[in-house]
Amino acid sequence: MPRILLLYASIEGQTALIAERMAHTLRETGHSVDMVPADADPARLDPTAYDGVIIGASIHYGNHPAFLRTLVRRLRGALEARPNAFFSVSLSAGGPRPKPAAAQRYIDKFLRKTGWQPQLVASFAGAVRYSLYGPIKRRVMIVFVGLGGGETDTSRDYEYTDWAAVERFAGEFAQRLKQS
Ligand SMILES: Cc1cc2nc3c(=O)[nH]c(=O)nc-3n(C[C@H](O)[C@H](O)[C@H](O)COP(=O)(O)O)c2cc1C
């Protein structure tokens, strides 16, 4: 059974949900998947124990997490020696007023800074989870989301992820693994 490492960095949980959906899709098609938070003990991470690696992270204030850049720089050789993929989660990628060029810029910046050239890259729309934000983050998000023409009624959360696209991405990765 092919083994996949699915590393993810998520602050409010949407990237974790996306990673879970990918893991579910891959397990249904006969893969073994280890889902590991990217901020878990990095010394214990060994991509060489896997047939393929997927890494996913969300955008906050225009960046993927800095610790993930350091980790990817360190793991780059092992990543590129096997089928590997990256996905980015942001509001620019989707939602009421998507900004795909901005979503792509976040990805380009991350890949330029790490030197990583993943075989497969995707950008998924995330969520606005007012229910999880503290008072300061909620205010920041009302402004940020409002300026982008999004939903500012904080009495509920908003999810923009295209789950079919997430499942397609997992399927494409499985295909690459098969061909490797
Ligand atoms: C404080 C904060 C800052 C954010 N900054 C950006 C941003 O600069 N650009 C963007 O496209 N999305 C931004 N987002 C949206 C997040 O990428 C989106 O909510 C995503 O679903 C978060 O994923 P996570 O729950 O896995 O952390 C921001 C969200 C928060 C809460």
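The chain is numbered in sequence order, starting from 1. All figures in this text were calculated on a predicted structure; none of them were measured in a lab. Note that ligands are numbered from 1 as they come in the structure, with each ligand's atoms numbered from 1 the same way.
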Below 4.5 Å, heavy atoms only, C-beta onward: do [X] and [Y] meet side chain to side chain?
X: Glu151; Y: Tyr160; answer: yes
X: Ile107; Y: Gln104; answer: yes
X: Met22; Y: Val33; answer: no
X: Tyr8; Y: Ile18; answer: no
X: His64; Y: Ser88; answer: yes
X: Arg156; Y: Tyr130; answer: no

Joint cluster assignment, [X] & [Y], ILVMFWY side-chain distance < 4.5 Å:
X: Val36; Y: Phe86; value: yes
X: Val121; Y: Val53; value: yes
X: Phe87; Y: Phe173; value: yes
X: Trp116; Y: Leu7; value: yes

Residue [X] vicinity, atoms of ligand 1 by number, heavy atom under 4.0 Å:
X: Val89; value: 17 (O), 21 (O)
X: Glu12; value: 22 (C), 24 (P), 25 (O), 27 (O), 31 (C)
X: Met141; value: 2 (C), 29 (C), 30 (C), 31 (C)
X: Thr15; value: 23 (O), 24 (P), 26 (O)
X: Gly13; value: 24 (P), 25 (O), 26 (O)
X: Ser58; value: 22 (C), 23 (O), 24 (P), 26 (O), 27 (O)
X: Gly126; value: 21 (O)
X: Ile11; value: 24 (P), 26 (O), 27 (O)

Is there any N or O on [X] that sits under 3.5 Å from an N or O of ligand 1?
X: Ala16; result: no
X: Tyr133; result: no
X: Leu91; result: yes
X: Phe144; result: no

Exercise for the section: Using a 4.0 Å heavy-atom cut-off, say whether Lys99 meets ligand 1 through its side chain, its backbone, both or neither. Expected result: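 Neither; nothing of Lys99 gets under 4.0 Å from ligand 1.
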Exercise for the section: For ligand 1, indicate whether the residue Lys137 contacts it via side chain, backbone, both or neither (heavy-atom separation under 4.0 Å). Expected result: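 Answer for Lys137: side chain.
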Students should be able to answer this: which protein heavy-atom is nearest to [atom], and at what distance?
atom: atom 9 (N) of ligand 1; result: Tyr106 OH, 2.9 Å
atom: atom 18 (C) of ligand 1; result: Ala127 O, 3.5 Å
atom: atom 5 (N) of ligand 1; result: Tyr61 N, 2.9 Å
atom: atom 11 (O) of ligand 1; result: Ser92 OG, 2.6 Å
atom: atom 8 (O) of ligand 1; result: Gly62 N, 2.8 Å

Practice task
Give a yes or no on whether the backbone of Ala102 and the side-chain of Tyr106 come within a donor-acceptor separation of less than 3.5 Å.
Solution key: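 No, because the side chain of Tyr106 does not come within donor-acceptor range (under 3.5 Å) of the backbone of Ala102.
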Handout entry: Exam field: side chain Asp34 to backbone Leu5, donor-acceptor pair closer than 3.5 Å
Key =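 Not a single qualifying donor-acceptor pair exists.
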Is there a heavy atom of [X] sitting under 4.0 angstrom from any atom of ligand 1?
X: Tyr8; result: no
X: Val128; result: no
X: Ile59; result: yes

Problem - Option of least heavy-atom distance to atom 2 (C) of ligand 1 (set: His60, Glu159, Arg105) - result: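 Ranked by closest heavy atom to atom 2 (C) of ligand 1, first place is His60.
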Practice task
Calculate, to the nearest 0.5 Å, the distance between atoms CD1 and CE belonging to Ile54 and Met35 respectively.
Solution key: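 Ile54 atom CD1 to Met35 atom CE measures 10.5 Å (nearest 0.5 Å).
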Exercise for the section: Test Gln14 against Ser58 for side chain to side chain donor-acceptor pair (under 3.5 Å), laying out the working first. Expected result: CA-CA 8 Å; Gln14 194 65 16; Ser58 58; over 6 Å; no
